[in-house]
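Accompanying notes for the structure given below.
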Amino acid sequence: MADASCHCGAVKFTLQFAPHQITDCNCSICRRYGALWAYYAPEEVNFTTEDDRTETYMWDDHSIRLHRCKTCGCVTHWSPVDPARNRMGINARMLDPVVVADASLRHFDGADTESYIGE
Ligand SMILES: [Zn+2]
């Protein structure tokens, strides 16, 4: 289990396990957010705060909602628009650095080739 929180604590969630791998994507939105993504099935993430604590942003094909805390502005996660999609992204920056220290970091070329760099 790993606890995550935005800076002000309005958005909190618990992950069933610490991330093994985190992804740094260079697409136009991820590079601006500076987020590091860890991917989970929605049932592996338990939000302990209300859904209305975030505002969302969509772009491109509108397949995901990028969530940010209404109070402190931290980008906390993204969620799929299609409820059948069993994948969401957690911003690993919301976790204690100790929790992500052992995770491997990989780079995704979302800006161009849509593939992992160096794999
Ligand atoms: Zn906050």
Side-chain angles (χ1 to χ4, degrees):
M1 300 262 278
D3 292 324
S5 170
C6 67
H7 188 262
C8 75
V11 182
K12 289 182 178 172
F13 49 92
T14 300
L15 306 171
Q16 283 186 7
F17 50 89
H20 308 298
Q21 206 164 41
I22 54 180
T23 297
D24 183 2
C25 174
N26 65 359
C27 85
S28 61
I29 189 68
C30 292
R31 69 182 168 84
R32 286 180 167 86
Y33 283 157
L36 294 174
W37 301 112
Y39 303 114
Y40 287 86
E43 64 265 24
E44 293 168 339
V45 183
N46 179 38
F47 282 85
T48 53
T49 49
E50 299 302 318
D51 291 346
D52 66 0
R53 303 279 177 87
T54 61
E55 293 174 321
T56 61
Y57 176 67
M58 290 197 287
W59 72 295
D60 198 20
D61 62 1
H62 285 214
S63 63
I64 64 172
R65 291 187 178 91
L66 290 145
H67 292 253
R68 63 183 180 276
C69 173
K70 281 181 184 175
T71 305
C72 68
C74 288
V75 174
T76 51
H77 64 289
W78 61 256
S79 58
V81 171
D82 179 354
R85 189 177 175 195
N86 194 37
R87 180 176 160 101
M88 66 183 294
I90 295 301
N91 185 359
R93 301 277 194 197
M94 302 302 112
L95 291 156
D96 189 313
V98 171
V99 172
V100 295
D102 292 333
S104 59
L105 176 66
R106 57 182 186 168
H107 295 270
F108 187 73
D109 184 21
D112 186 18
T113 61
E114 293 286 325
S115 60
Y116 287 94
I117 297 165
E119 287 185 9

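Each residue takes its place number in the sequence, starting with 1. Read the numbers this way: they start at 1 and go in the same order the structure lists the ligands and their atoms. Quick caveat: nothing in here was measured; it's all calculated off a predicted structure.
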Would you check if N91 and H77 make a side-chain contact, meaning some heavy-atom pair closer than 4.5 Å? no

Taking atom types as modelled and ignoring hydrogens, do the side chains of S104 and H20 form a donor-acceptor contact shorter than 3.5 angstrom? no

Distance-only side-chain donor-acceptor flag, N46 / T14, under 3.5 Å = no

Checked the Zn ion (ligand 1): protein N, O or S atoms closer than 2.8 Å come out as C6 SG, C8 SG, C69 SG, C72 SG

How about M58 and I64: do any of their side-chain heavy atoms sit closer than 4.5 Å?
no

State whether E55 and R68 are salt-bridged, where the test is any N-O pair (Lys NZ or Arg NE/NH1/NH2 against Asp/Glu carboxylate O) under 4.0 Å. yes

Examine V99 and F47 and state if one hydrophobic cluster contains both, with Ile, Leu, Val, Met, Phe, Trp and Tyr joined whenever side-chain heavy atoms are less than 4.5 Å apart. yes

